[in-house]
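In what follows, every heavy atom counts, from backbone to side chain, and hydrogens, waters and symmetry copies are set aside.
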Amino acid sequence: MGKVAIIMGSKSDLPVMQDAIDILKEFKIDVEVDIVSAHRTPEKMFDFGKNAHKRGINVIIAGAGGAAHLPGMVASLSPLPIIGVPVRSSNSIDGWDSVLSILQMPGGVPVATVALNGAKNAGILAAQIIGTSDQTIQNTIIAYKESLKTKVIESSKDLK
């Protein structure tokens, strides 16, 4: 079974990142959550990025607002897939600074980037990555996507 680390730059990011935690727990994927600031705890970030794969982590979801360097900096240190969640924070310029900071990575240092405050999609993407080598998780994703389809069909019927 896979394991996902969810990190964020500060505790104020937790309300957004909780969506990733919740969906991964729904899919029965082990989750490790921590606060790792690229700017305030660079040594911790360095250690985390260099060693997460040695601790059994399969995918890292990194949420950050404002300058949003955390996902990219961790991606520069880790061999694992990194999913960046731009967070609209109090010091953010409508969230665009966060989006662009995570999205515009240089060649060789990829970060998969979801929508502004899109932590739920980050969790789903992490589960899909793990599902490529874990049939149980893949089956859970298939059932989840079917449930989305069913909800739309039921909503459509309710309108008629």
Side-chain angles (χ1 to χ4, degrees), residues 1-134 136-138 140-141 144:
M1 175 115 0
K3 186 171 186 180
V4 177
I6 298 176
I7 58 173
M8 61 206 83
S10 68
K11 192 174 182 180
S12 64
D13 299 331
L14 184 58
V16 169
M17 300 307 289
Q18 189 66 47
D19 288 342
I21 297 165
D22 293 345
I23 195 75
L24 287 165
K25 286 184 177 180
E26 181 181 325
F27 294 154
K28 298 184 178 14
I29 294 174
D30 289 336
V31 179
E32 170 187 298
V33 181
D34 202 358
I35 296 169
V36 180
S37 172
H39 302 113
R40 294 177 297 267
T41 59
E43 297 86 1
K44 181 178 181 179
M45 179 207 59
F46 190 88
D47 181 62
F48 176 87
K50 284 293 224 184
N51 296 304
H53 68 287
K54 296 174 187 173
R55 297 185 296 102
I57 301 297
N58 301 103
V59 180
I60 298 170
I61 299 173
H69 292 136
L70 181 62
M73 290 302 297
V74 171
S76 75
L77 298 165
S78 179
L80 297 174
I82 311 298
I83 303 169
V85 179
V87 176
R88 175 182 270 152
S89 59
S90 60
N91 65 333
S92 184
I93 305 167
D94 282 336
W96 278 108
D97 48 348
S98 304
V99 170
L100 294 173
S101 291
I102 298 171
L103 186 67
Q104 294 296 100
M105 291 301 297
V109 189
V111 174
T113 309
V114 296
L116 184 64
N117 289 352
K120 182 175 184 177
N121 275 352
I124 294 167
L125 180 57
Q128 289 174 319
I129 291 168
I130 291 169
T132 63
S133 61
D134 183 323
T136 301
I137 297 300
Q138 190 172 75
T140 301
I141 295 295
Y144 175 78

Under 3.5 Å: donor-acceptor pair, side chain of [X], backbone of [Y]:
X: T132; Y: Q128; answer: no
X: S89; Y: G66; answer: yes
X: K44; Y: I35; answer: yes
X: D13; Y: G9; answer: yes
X: N58; Y: K3; answer: yes

Contact summary for [X] and [Y], nearest pair of heavy atoms:
X: M17; Y: A119; result: CA-CB, 3.9 Å
X: I130; Y: I137; result: CG2-CG1, 4.2 Å
X: A52; Y: I60; result: CB-CD1, 3.9 Å
X: I83; Y: A126; result: CD1-N, 3.6 Å
X: I6; Y: L24; result: CD1-CD1, 3.9 Å
X: I61; Y: A122; result: CD1-O, 3.5 Å

Pairs touching residues 56-94 that satisfy ring pair (Phe, Tyr, Trp, His ring centres under 6.0 Å), sequence neighbours left out: H39-H69
Enumerate the residue pairs fulfilling side chain to side chain donor-acceptor pair (under 3.5 Å) with a member in residues 97-118, sequence neighbours excluded, ordered by first and then second residue.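 Of all non-adjacent pairs touching residues 97-118, those that pass side chain to side chain donor-acceptor pair (under 3.5 Å) are S92-D97.
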Nearest 0.5 Å, please: how far is [atom2] in [Y] from [atom1] in [X]?
X: K54; Y: S78; atom1: NZ; atom2: OG; result: 10.5 Å
X: E43; Y: F48; atom1: CD; atom2: CZ; result: 16.0 Å
X: D19; Y: L14; atom1: CG; atom2: CG; result: 10.0 Å
X: D34; Y: M8; atom1: CG; atom2: CE; result: 8.0 Å
X: K28; Y: T140; atom1: NZ; atom2: OG1; result: 8.0 Å
X: F46; Y: N51; atom1: CZ; atom2: CG; result: 9.0 Å

Check against side chain to side chain contact (heavy atoms under 4.5 Å, CB included), I124 and F27: CA-CA 9 Å; I124 294 167; F27 294 154; 4.2 Å; yes
Contact between L77 and M45 at the side-chain level, heavy atoms closer than 4.5 Å - yes or no? yes
Close side-chain approach of P42 and M73, heavy atoms under 4.5 Å: no
V74, I102, L70 screened by side chain to side chain contact (heavy atoms under 4.5 Å, CB included) with V111, the one that passes: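 With V111 as partner, side chain to side chain contact (heavy atoms under 4.5 Å, CB included) holds for just one option, I102.
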